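What follows is one structure encoded as structure tokens, with my remarks underneath.
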Amino acid sequence: MSTQNTRYNILEEDKVFELIISADDELREYFNRYLFDEYNNDLSSRLNYLDIAEISRFIVDKIKSKQADFVKDLFIKVEQILSDCDENVEDLIVVGLFESIQNIGGGRKIDYYRGFDKWLLLISKTKWDNLIDLWEGTSWRKQT
């Protein structure tokens, strides 16, 4: 059951970002340092899609260096957001976070087709796969 306090909407983007970065203390420190460096304490000009892409970079770097213990918790939080959000927040997660992970990870030889299946939950997995379908068609689904 949805309540107004748990629904994630774009007007509360700080709430969305806070939940995501709460998955890992190092991620929280990294992202807060990024915000300070990028915006020089003036968060009124934040660019959400660039900010969430920075989180994607962190995730890919940690997976690549085999320090991904937090990723399961992160995707649990992402699933929580996707299960009760408006269209703008959904786009921020799918286009901002997922597409950035796929783009960055693909360039770093991380299998984004099925390599994230161990972390993605039902809603996240569906949206993740649909995003790949959008760019590459569905033939990748038949590959083993």
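Everything numeric here is computed off the predicted structure, so don't read it as measured data.
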Salt bridge Glu54-Arg57, side-chain N to carboxylate O under 4.0 Å:
yes
Taking all non-hydrogen atoms of both residues into account, name the closest pair between [X] and [Y] and its distance.
| X | Y | answer |
| --- | --- | --- |
| Leu120 | Ser124 | CD2-CB, 3.8 Å |
| Ile20 | Ile81 | CG1-CD1, 3.7 Å |
| Ser56 | Gly96 | OG-O, 3.9 Å |

How far does [atom1] of [X] sit from [atom2] of [Y], to the nearest 0.5 angstrom?
| X | Y | atom1 | atom2 | answer |
| --- | --- | --- | --- | --- |
| Thr126 | Leu82 | OG1 | CG | 10.0 Å |
| Leu74 | Asp69 | CG | CG | 13.0 Å |
| Glu79 | Asp84 | CD | CG | 12.0 Å |
| Lys77 | Ser22 | NZ | OG | 3.5 Å |
| Asp111 | Ile63 | CG | CD1 | 11.0 Å |
| Ser83 | Leu121 | OG | CG | 10.0 Å |

Is there a salt bridge (charged side-chain N to carboxylate O under 4.0 Å, His left out) between Lys62 and Asp24? Walk through the geometry before answering.
CA-CA 11 Å; Lys62 289 301 181 179; Asp24 181 66; over 6 Å; no
Is there a side-chain contact between [X] and [Y] in this structure, where contact means two heavy atoms from C-beta onward sitting under 4.5 Å apart?
| X | Y | result |
| --- | --- | --- |
| Ile110 | Phe116 | yes |
| Trp128 | Asp133 | no |
| Ile101 | Tyr112 | no |
| Leu131 | Lys127 | no |
| Tyr30 | Ile21 | no |

Please walk me through it: do Tyr113 and Glu136 pass side chain to side chain contact (heavy atoms under 4.5 Å, CB included)?
CA-CA 11 Å; Tyr113 292 112; Glu136 300 187 28; 2.3 Å; yes
Give the cluster check for [X] versus [Y]: same hydrophobic cluster or not, with ILVMFWY residues linked at side-chain heavy-atom distances below 4.5 Å.
| X | Y | answer |
| --- | --- | --- |
| Leu50 | Leu27 | yes |
| Phe36 | Leu47 | no |
| Tyr39 | Leu92 | yes |
| Val16 | Leu43 | yes |
| Leu122 | Ile93 | no |

Do Ile123 and Val78 pass the side chain to side chain contact (heavy atoms under 4.5 Å, CB included) test, and can you show the C-alpha distance, the side-chain angles, and the key distance before you say yes or no?
CA-CA 9 Å; Ile123 298 169; Val78 167; over 6 Å; no
Any chance you could lay out the side chain to side chain contact (heavy atoms under 4.5 Å, CB included) test for Val94 and Glu99, step after step, and finish with the verdict?
CA-CA 6 Å; Val94 175; Glu99 189 168 6; over 6 Å; no
Regarding Trp135 and Gln102, is there a side-chain donor-to-acceptor distance under 3.5 Å anywhere?
no
May I have the step-by-step check of side chain to side chain contact (heavy atoms under 4.5 Å, CB included) for Tyr49 and Leu97, ending in yes or no?
CA-CA 8 Å; Tyr49 283 83; Leu97 184 68; over 6 Å; no
What is the ring orientation for Phe98 with Phe75, classed by angle as parallel under 30°, tilted 30 to 60°, or perpendicular over 60°?
tilted
Does Arg46 make a cation-pi contact with Phe17, if we ask for NZ or CZ under 6.0 Å from the ring centre and within 45° of the axis?
yes
Under the side chain to side chain donor-acceptor pair (under 3.5 Å) rule, what do Asp129 and Trp140 come out as? Steps first, then yes or no, please.
CA-CA 10 Å; Asp129 290 351; Trp140 70 272; over 6 Å; no
So among Phe31, Phe70, Tyr34, which one has a ring-ring contact (aromatic ring centres under 6.0 Å, His included) with Phe58?
Phe70
